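Working notes, beginning with the structure itself.
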Amino acid sequence: MATLNRVIRSAYYSPFTIRRLSDLVSDPASIRIASTPNQSPCTRITLPVSRDALGTRSVQWVFLGCPGVGKGTYASRLSNLLGVPHIATGDLVRDELASSGPLSKKLAEIVNKGQLVPDEVIIDLLSKRLEKGQTKGETGFILDGFPRTIRQAEILEGVTDIDMVINLKLREDALLAKCLGRRICSQCGGNFNVAAIDFKGENGQPGICMPPLLPPPQCASKLITRTDDTEEVVKERLRVYHDQCEPVEDFYRARGKLLEFNLPGGIPESWPKLLRALHVEDLDNKQSAAA
Ligand SMILES: Nc1ncnc2c1ncn2[C@@H]1O[C@H](COP(=O)(O)OP(=O)(O)O)[C@@H](O)[C@H]1O
């Protein structure tokens with residue numbers, strides 16, 4: 001993963017490297033990339049892909065979807081189930097904002113307008129996160145909120161193989177309601193949603209019912225909202241998604257890696273259906289249901 005980290009950084013700074021990647025991949029278990037133009041031409045960086053004792057590689061999945069669709073919820077559940085880290089670039093950005101480091105003021109301005117932060121900032125935050133994970137022996141990943149631009153998708157494709165891209169979908173009025181209903185416990189960090197969604201089917205859109213996910217009494221007085229979850233900013237984030245992130249869906253669709261999943265309702269209804277669509281079994285739940 002350290003090498004992945006290095007490769008992501010060098011790939012970002014070298015468009016030349018990315019164009020040549022396809023010529024250099026010789027072994028499906030490793031990805032070689034050319035040196036950047038100012039390195040020695042014989043330099044090769046190899047990304048070893050971690051495998052377990054049976055030779056199975058950990059999953060490398062990506063979650064796409066509009067703000068409020070539930071990428072974080074489902075990515076985090078899957079990461080627990082599959083034993084791979086859930087890496088959300090939105091969380092990395094929020095950690096940076098909270099750190100009041102040199103970047104935080106500039107980032108706050110961008111995020112609170114509903115815009116995307118520059119690719120080089122995201123690549124840097126992601127690289128540092130991967131580096132940390134590598135020291136802890138992490139393998140595989142579920143990426144949430146990355147890639148969000150074609151440039152980011154090309155960089156990722158240049159350094160590793162993504163197995164599957166899960167594109168979560170929900171009608172737009174439900175997305176807005178879910179963002180506005182989102183609450184976070186300032187003490188335990190738990191995520192809740194006070195929106196009670198019950199929209200009838202109309203104009204070709206299916207009806208949808210999503211009950212609220214209310215906090216337990218100990219969290220109820222400590223709830224906060226994200227500064228970018230105001231109606232104006234959510235609408236801008238949705239516009240930015242359609243404009244800059246939807247092309248990423250096309251990027252993976254063209255490569256046969258996109259799995260579209262229309263959320264049928266709240267978590268209890270959607271989770272088992274998502275697992276079925278992904279051919280993943282939740283053995284813990286099965287065992288507890290059978291007990
Ligand atoms: N891959 C990325 N590229 C650029 N900006 C990003 C990326 N990931 C997160 N951000 C920034 O962090 C904000 C919050 O991200 P996230 O929590 O994933 O939001 P959302 O709920 O809109 O999906 C985004 O609006 C954007 O400003």
Side-chain angles (χ1 to χ4, degrees), residues 8-9 11-12 61-76 79 85-99 101 103-130 141-160 162 165-170 172 174-184 189 191-193 195 213 224-249 251-252 261 263:
I8 282 187
R9 283 175 194 267
Y12 178 78
W61 289 355
V62 163
F63 265 82
L64 298 181
C66 284
V69 78
K71 296 184 295 290
T73 303
Y74 295 103
S76 145
S79 100
H86 165 212
I87 302 179
T89 44
D91 288 344
L92 301 181
V93 169
R94 279 182 288 280
D95 288 347
E96 187 63 34
L97 291 181
S99 75
L103 252 186
S104 71
K105 198 160 168 260
K106 194 166 179 296
L107 287 188
E109 271 172 34
I110 298 171
V111 172
N112 290 333
K113 275 195 220 142
Q115 304 287 323
L116 295 184
V117 309
D119 286 343
E120 70 267 29
V121 173
I122 282 293
I123 297 294
D124 191 51
L125 293 176
L126 182 59
S127 297
K128 285 180 184 149
R129 168 63 187 82
L130 290 168
F141 51 73
I142 297 181
L143 289 178
D144 156 8
F146 184 95
R148 243 168 161 116
T149 63
I150 290 289
R151 178 86 181 104
Q152 292 176 11
E154 286 171 344
I155 289 168
L156 190 61
E157 182 174 64
V159 296
T160 195
I162 295 300
V165 177
I166 302 142
N167 187 25
L168 297 182
K169 299 180 101 166
L170 192 59
E172 193 113 344
L175 292 169
L176 180 60
K178 278 194 70 203
C179 284
L180 299 183
R182 190 148 52 187
R183 300 288 182 274
I184 302 149
N191 286 289
F192 307 101
N193 206 303
L213 183 63
I224 52 169
T225 52
R226 274 170 49 173
T227 51
D228 59 346
D229 272 345
T230 63
E231 183 163 350
E232 192 191 356
V233 177
V234 172
K235 284 184 172 162
E236 176 60 8
R237 279 158 55 206
L238 287 167
R239 193 196 62 73
V240 167
Y241 186 89
H242 296 311
D243 187 40
Q244 298 190 50
C245 312
E246 262 170 18
V248 177
E249 296 176 10
F251 178 94
Y252 287 116
F261 186 79
L263 286 161

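Predicted, not measured: the structure shown is a model, and the values here were computed from it. Every number for a ligand or one of its atoms is a count from 1 in the order of the listing.
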(Q) Yes or no: does R182 have any heavy atom under 4.0 Å from an atom of ligand 1? (A) yes
Q. Going by the atom numbers of ligand 1, which of them fall below 4.0 Å from some non-hydrogen atom of V111?
A. 27 (O)
Q) What residue and heavy atom of the protein are closest to atom 5 (N) of ligand 1, and at what distance? A) V117 N, 3.1 Å
Q) Non-hydrogen atoms of I110 versus ligand 1: any pair closer than 4.0 Å? A) no
Q. Counting only heavy atoms, which portion of L116 has something under 4.0 Å from ligand 1: side chain, backbone, both, or neither?
A. both
Q: Name the option, out of E236, R148, R237, that contains the heavy atom nearest to atom 24 (C) of ligand 1.
A: R148
Q) Should L213 and T73 count as side-chain neighbours, where that means a heavy-atom distance under 4.5 Å? A) no
(Q) Do H242 and C66 make a side-chain contact, defined as non-hydrogen atoms from C-beta onward lying under 4.5 Å apart? (A) yes
Q: May I ask you to check if ligand 1 and T89 share an N or O to N or O distance below 3.5 Å?
A: yes
**Q.** Protein heavy-atom partner closest to atom 6 (C) of ligand 1 - residue, atom, separation in Å
**A.** I122 CD1, 3.7 Å
Q.
For D228, is there any backbone N or O sitting under 3.5 Å from a side-chain donor or acceptor partner on R237?
A. yes
Q) Side chain of Q244, backbone of V240: donor and acceptor closer than 3.5 Å? A) no
Q: Compute whether any side-chain donor of one residue and acceptor of the other, for Y252 and E157, lie under 3.5 angstrom apart.
A: no
Q) What's the shortest distance from atom 11 (C) of ligand 1 to any protein heavy atom, and which residue and atom give it? A) V93 CG2, 4.1 Å
**Q.** Under 3.5 Å donor-acceptor, D243 side chain and R239 backbone
**A.** no
**Q.** Ligand-residue contact atoms, ligand 1 with G145, heavy atoms, under 4.0 Å
**A.** 1 (N), 2 (C), 7 (C), 8 (N)
Q: Provide the number and element of each atom of ligand 1 under 4.0 Å from a heavy atom of K71.
A: 23 (O)
Q) So, the side chain of S104 versus the backbone of S99: is there a donor-acceptor pair under 3.5 Å, distance only? A) no
Q) With atoms numbered from 1 as shown, which atoms in ligand 1 lie under 4.0 angstrom from a non-hydrogen atom of Q152? A) 1 (N), 2 (C), 3 (N), 4 (C)
Q: Please list, chain by chain and in numerical order, all residues satisfying salt bridge (charged side-chain N to carboxylate O under 4.0 Å, His left out) with R182, sequence neighbours excluded.
A: D229
Q) Identify the closest protein heavy atom to atom 14 (C) of ligand 1: which residue and atom is it, and at what distance? A) R94 NH1, 3.6 Å
(Q) Check whether K71 reaches the backbone of G65 with its side chain - one donor and one acceptor, N or O, closer than 3.5 Å. (A) yes
Q.
Test of understanding: with salt bridge (charged side-chain N to carboxylate O under 4.0 Å, His left out), list the residues that count as partners of K113, not counting sequence neighbours.
A. none
**Q.** Distance from atom 15 (O) of ligand 1 to nearest protein heavy atom, with residue and atom
**A.** G90 CA, 3.4 Å
Q.
Starting from atom 27 (O) of ligand 1, what is the nearest protein heavy atom, named by residue and atom, and what distance separates them?
A. Q115 O, 2.6 Å
Q) How does R151 reach ligand 1, by side chain, by backbone, by both or by neither, if only non-hydrogen atoms under 4.0 Å count? A) neither
